[in-house]
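The next block holds one structure in the form of structure tokens; read it before the comments.
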Amino acid sequence: MIRDQIHAAVAAATVAAQAAGALPAFDIPTFTIERPRQPDMGDYAASLAMQLARIARMAPPKIAEAIARHVPPSDHYTVEVAAGYVNFRLTQAHLNQQIGDVLVQNEKWGDIDLGGGAPAQVEHGSANPTGYATIGTGRNVVVGDTLANTLVAAGYVVHREWYINDRGAQIARFGASLYTHYCAVFGVDVPLPPKGYPGDDVVTVAQEIAAREGDRLLKLPQDEACRFLGSAGVEIMMAHIRSSLTRLGVQYDNFFSENSLHISGLADRMLNELRARNVIREHDGAIWFSEDGSPIRAGQGVKRDDYAEDEDAGVSEEDAGPKAVQAVMLRSPRISPNPADRPTYFFSDVPYLWNKLVDRGFKLAVYVWGEDHQADVPRLYAAARALSLNADAVKILIYRFITIMRSGVEVRMGKRAGNAIWIDDVVDEVGKDAVRFTLLSRSIDTKIIFDLDLLKEQSDKNPVYYVQYGHARIASIFRNAQETLGAEPLAAGFAAHTCDLQHESEMALARKLLELPEIVALVAATLQPHHYTTYAYALCSTFSRFYDDCRILKQPDAVLFSRLRLAKAAQLTLARVLRLMGMETPEKM
RNA sequence: CCGCCCAUAGCUCAACUGGACAGAGCACUUGACUUCGGAUCAAGGGGUUGUGGGUUCAAAUCCUGCUGGGCGGACCA
């Protein structure tokens, strides 16, 4: 990328300036090449001179001057000094040539090579299969899907996976809840279990099973019926979730069963492995993971709020505080009479990590987790360290939850509360691309306030349509061009000419669209996909300005084809960003 | 009590991860086309970046005190 070339040029110029005696001798610190805020400051800037002021004992403008003078001459950029910055401006020749390159790269325009073909996994979604897919899960999957697309563009071979939590007390409760609803179909009144699922989605599943199985489950022992209903229910729910995800444009390579980790024996192997590494401790009948192998003390892992009750049991504050993160419970007899039967959540995370990095050999494992999993982050890293796995291969994203507003009032969303908002409903109301754009447009550290009424009302103003409109407009230009010129003369002229950018708006568009690889690199590095939405909007806005300022059709050939080529490059770029975000690229709207 | 995260224009959010004058959309005001798609373009008003200190040549960004909010600190969801 040109940015790297400029970085190298600045480094070389600094060395050259030292050699020439224009700068004193010192080691060059690490520095970055930035993009100036204002376009009139150039395309790239180095603030190295400011950094060097103290080291070199010189005024920044003088240093910048010395560096700028020693930048090797290039056809790609010109150099100027302003306010202590060394600014680089891309030349017209460079821009013209780059537009040509974009057209040659075509669908591959925007690809960068970071991954070198290494296998990477993005695990996202992974909501409990105890209800339909909510809009909260929507944020998870849209972010994960976009990151997966990005990693593909960055040269990884990407595997998309959904982790099904298909075991544990939660599934038992789900089965018991289904039993309640199932019995209700036949007029039998069974109370909902504590923390059961009252939602319409679960009721519907129960009715579905009732229609299929008849009343035969009533004759079974309740335990057996609940187990059957639990596993049948998970299957139906997953099918429903899958269809919701498809409507959102999200596809998976695999749905991974948590239960399989235990059935295969991997979980027990991991336990032995950890035991061999002396990080397993038993206390009070429970099995703990303790990263540094220190013993478990009474009250460890207990919330501070609970201390008051436990104080009689001799729990002191300093005993419980800082160690809480390092010690994690794996199994407890209090979960189930048979401890081996009911591991804690974390107990599954360990073999799952091993499965990803060792058994399947992923060089990069991206996790997309909601903020309720934040406490698991240090634990998973601790487990990776304890097992001597490469912790750098693990990237965990924590995104903030969505807050739902209904007629101006905040609604607590929860499947158990029975007031969740389903992906299907939102997609019905505002469409797939508008939902995706809204969910993507904010940093994952920001909690999204999702106002359904407002979203419906403003769905036609969703920025995604602006971006898609830009794309469709360019398609329309080419349809017109083909109609007036004929397909072959158009193709011949397009191939025979090169870009010759003249107008300010043409240059601005070229500069903007050429940023694409840097944006892909930015998203790949930060794992923050919202950068695409701001870029897509800005790019489209720059195009619209160009469209307004510069007529494309009915111009002399040189201008016509130059602008057609620029427009095509812009269209390729818009299409690429839209596809990275998993959105459609309409030719007409 | 401890940990993670958040606070930026009336509203919803950006700010390329420490750089130049903090930018967009919505809303509001005004203007532009007999011409390639008006789902458009241009212009305007609107800010002590929650608050006090610190580090730095440079702070919305890093450290720290405070205020307000979200989430978590496992008996498994």
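Per chain, numbering begins at 1; letters A, B, ... match sequence-line order. All values below were derived from every heavy atom in this structure, side-chain atoms included, with hydrogens, water molecules and symmetry-related copies excluded. None of these values were measured; they are calculated from a predicted model.
- Listed by chain and number, the residues in a side chain to side chain contact (heavy atoms under 4.5 Å, CB included) with A:Ala153 are A:Asp111, A:Val520, A:Arg576, A:Leu580 (sequence neighbours excluded).
- Counted by atom type alone, A:Ser441 and A:Tyr537 present zero donor-acceptor pairs between their side chains at under 3.5 Å.
- Residues forming a side chain to side chain contact (heavy atoms under 4.5 Å, CB included) with A:Leu271 (at least two apart in sequence, or on another chain): A:Arg275, A:Ile280, A:Ile287, A:Leu330, A:Arg331, A:Phe347.
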Distances under 3.5 Å only, N/O to N/O: pair up the protein atoms with those of nucleotides 16-18 of chain B.
from	atom 1	to	atom 2	distance (Å)
B:C16	N4	A:Arg35	O	3.2

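- Taking a pair as Watson-Crick or G-U wobble with both distances under 3.5 Å, RNA chain B forms stems of 3 or more consecutive pairs at B:1-7 with B:67-73, B:10-13 with B:23-26, B:28-32 with B:40-44, B:50-54 with B:62-66.
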Detail all sub-3.5 Å separations between protein N/O atoms and N/O atoms belonging to nucleotides 42-44 of chain B.
from	atom 1	to	atom 2	distance (Å)
B:A42	OP1	A:Arg545	NH1	3.2

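- Within residues 466-483 of chain A, the residues approached by RNA chain B to less than 4.0 Å at the level of any non-hydrogen atom are A:Tyr466, A:Tyr469, A:Ala472, A:Arg473, A:Ser476, A:Arg479, A:Asn480, in residue-number order.
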Protein-to-nucleotide contact annotation, 5' to 3' order, nucleotides 4-12 of chain B [B base; S sugar-phosphate only; - none; under 4.0 Å, heavy atom]:
BSS-----S
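- Residue pairs meeting the salt bridge (Lys or Arg N to Asp or Glu O under 4.0 Å) criterion with at least one partner in residues 32-48 of chain A, sequence neighbours excluded, are A:Arg35-A:Glu515, A:Arg35-A:Glu518, A:Asp43-A:Arg511.
- The side chain to side chain contact (heavy atoms under 4.5 Å, CB included) search around A:Ala569 returns A:Ile99, A:Val102, A:Leu103, A:Leu513, not counting sequence neighbours.
- Scanning for side-chain hydrogen bond (donor to acceptor under 3.5 Å, both in side chains) contacts around A:Glu80 gives A:Arg89, with sequence neighbours left out.
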Could you walk me through whether A:Asp445 and A:Arg400 satisfy the side-chain contact (heavy atoms from CB on, under 4.5 Å) test, starting with their C-alpha distance in whole Å, then the side-chain angles of each, then the deciding distance to 0.1 Å, before giving a yes or no?
CA-CA 6 Å; A:Asp445 285 331; A:Arg400 302 302 128 191; 4.0 Å; yes
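- For A:Thr534, no side-chain nitrogen or oxygen approaches OP1 or OP2 of B:A24 to under 4.0 Å.
- For the salt bridge (Lys or Arg N to Asp or Glu O under 4.0 Å) condition, no pair includes a residue of residues 51-65 of chain A, sequence neighbours left out.
- Taking A:Thr484 as the reference, nothing meets the side chain to side chain contact (heavy atoms under 4.5 Å, CB included) condition, with sequence neighbours excluded.
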